[in-house]
2 protein chains.
Amino acid sequence: MKRARRRVLPTQEQLRVWRNYVETAEAVRLRLAGRLQHETSLSSGDYVVLLALSEAEQHTLRSSALASQIEWERSRLSHHLGRMEKRGLLRRVSCADDVHGIDVVMTDAGAETFHAATVPHLRAVREMFVDALTDDQLAHIDEATNALRRHLALGPHD
Amino acid sequence: MKRARRRVLPTQEQLRVWRNYVETAEAVRLRLAGRLQHETSLSSGDYVVLLALSEAEQHTLRSSALASQIEWERSRLSHHLGRMEKRGLLRRVSCADDVHGIDVVMTDAGAETFHAATVPHLRAVREMFVDALTDDQLAHIDEATNALRRHLALGPHD
DNA sequence: CCTCCCGAGTTGACACGTCAACCGTAGCAC
DNA sequence: GTGCTACGGTTGACGTGTCAACTCGGGAGG
């Protein structure tokens, strides 16, 4: 009876670790995003989109291919592309070979902005994350993270 | 020279661990929030606010006290309280003893909704987080998380 | 041919967050 | 009194995210 009940809900300690985990990860993410925003005027969403485009042939991707590559819903992507297009970071052109389907093309301005952002972004990752942890801690985080992914059936990372 | 450059940017492997970490934490947070939303019609923001109120005298807190307790900006809190008030989860009444200052009072409906949400919420934490990890992994996550907090000067958790 | 559905993408409504500007009252200087 | 500033809170604009409804052009099936 006691044994059965004990497994239903987390203990105080487990709950504390959980909150520590989510809140810290969120804080780190926010801080990195804020820094990227101020140093390069790109949001992390912008960065993800431009990263994918920068690695594509002709700096061009089909909207649906882009969506699946960065794992965004198409509606989210559509909204975000609209905002980025308004800022001149990319263009949307309907592509010839498929009547449906839109090619997303990074503009030169977009490429330039992205290029100027990579080093600050990577430096921030090192300063805020890598520098905080020993090699062992990094390995442990990775192991636990993978356990979480497996448990939630998220599919392996990358 | 090489040595100097190597410390500036993270390695591929460190970058992979970083992305794995943030993306997974984000996915877990989102999944828990979605589950809470669907099972109890409360967002995680609602839950945090109601949790604080439920632990307060008279189910009442000064707006500023609430803000500092859950570490939200006052503007954010004001917007959120407006939405929650519209749904009848709480009321805002200007309190007598301080001319400035607003008392936030959880309504009975709010208390009921919150109470009905606690068990599903805790169960979800167990199923999605605690169950995924061994005791060792949990301890390692906690240790690394605390290292992150110290490094970012976030102040100890709780 | 007509209808019905499907797939790619868009749109609108809304929740949520941040930033900066604002409002009203209280104290305080003079 | 008149003016200043500080405090507590609100508001508006805007970026961001989700959901559901919509468009639009093809194909089947009949």
Side-chain angles (χ1 to χ4, degrees), chain A residues 23 26-27 29-38 40-50 60-105, chain B residues 23 26-27 29-38 40-50 60-105:
Chain A
E23 289 170 15
E26 182 68 0
R29 194 182 63 78
L30 279 182
R31 206 180 276 207
L32 193 102
R35 199 168 141 171
L36 192 62
Q37 182 84 63
H38 280 116
T40 71
S41 72
L42 289 180
S43 71
S44 36
D46 300 335
Y47 190 84
V48 171
V49 169
L50 292 181
T60 298
L61 274 179
R62 280 287 297 280
S63 176
S64 51
L66 178 52
S68 77
Q69 182 169 330
I70 63 182
E71 295 184 283
W72 282 17
E73 298 184 11
R74 281 180 324 175
S75 149
R76 175 184 180 184
L77 183 58
S78 186
H79 283 301
H80 206 95
L81 292 182
R83 291 187 294 263
M84 292 180 73
E85 192 169 23
K86 218 175 343 185
R87 290 192 286 150
L89 297 171
L90 50 81
R91 288 191 319 277
R92 279 184 283 196
V93 300
S94 57
C95 68
D97 43 319
D98 198 343
V99 191
H100 311 303
I102 292 261
D103 273 344
V104 181
V105 190
Chain B
E23 289 170 15
E26 182 69 0
R29 192 182 65 78
L30 280 182
R31 208 182 274 207
L32 193 103
R35 201 167 140 171
L36 191 63
Q37 182 84 63
H38 279 116
T40 71
S41 71
L42 290 180
S43 71
S44 35
D46 301 335
Y47 190 84
V48 171
V49 169
L50 293 182
T60 298
L61 275 179
R62 281 287 296 281
S63 177
S64 51
L66 177 54
S68 78
Q69 183 169 330
I70 63 182
E71 296 186 282
W72 282 16
E73 297 185 11
R74 280 173 324 139
S75 150
R76 176 185 181 184
L77 183 59
S78 184
H79 283 301
H80 206 96
L81 291 182
R83 290 187 295 262
M84 292 180 73
E85 194 169 23
K86 218 173 347 184
R87 290 192 286 151
L89 298 171
L90 50 82
R91 288 192 319 277
R92 280 185 282 195
V93 300
S94 57
C95 68
D97 42 319
D98 198 344
V99 192
H100 312 302
I102 292 260
D103 273 344
V104 182
V105 190

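Note on naming: letters A, B, ... go to the chains in the order of the sequence lines (proteins, then strands), and numbering restarts at 1 for each one.
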B:Arg29 atom CZ is separated from D:dG17 atom C1', nearest whole Å, by 11 Å
Expressed in angstrom and rounded to an integer, what is the separation of A:Leu90 atom CG from C:dG9 atom P?
-> 14 Å
Separation of A:Leu30 atom CG from D:dT16 atom P, in whole Å?
-> 13 Å
note: B:Leu36, atom CG; C:dA15, atom C1'; distance rounded to Å ~ 15 Å
Taken to the nearest whole Å, CD1/A:Ile70 to P/D:dG17 is 10 Å
Length of the line joining A:Gln37:CD and C:dG17:P, which is rounded to integer Å | 17 Å
In this structure, CZ of A:Arg83 is separated from NE2 of A:His79 (nearest 0.5 Å) by 7.5 Å
Give, for atom OG of B:Ser78 and atom CD of B:Glu85, the distance between the pair rounded to the nearest 0.5 Å.
-> 9.5 Å
A:His80 NE2 - D:dG15 P separation (whole Å) = 10 Å
About how many Å separate OG of A:Ser44 and CG of A:Leu30, when rounded to the nearest 0.5 Å?
-> 8.5 Å
Taken to the nearest 0.5 Å, the spacing of A:Ile102 CD1 from A:Leu81 CG works out to 9.5 Å
Does B:Ala65 offer a backbone N or O that forms a donor-acceptor pair with the side chain of B:Ser68 under 3.5 Å?
-> yes
Could you check A:Arg83 against B:His38 and say which one's nearest nucleotide on DNA chain D is further toward the 5' end?
-> A:Arg83
In whole Å, what is the span from the CH2 atom of A:Trp72 to the P atom of C:dT10?
-> 14 Å
Contact pattern, 5' to 3', of nucleotides 5-11 of chain D - B, S or - by protein heavy atom under 4.0 Å = ---BBBB
Interatomic distance, A:Leu77 atom CG to A:Ile70 atom CD1 [nearest 0.5 angstrom] | 5.5 Å
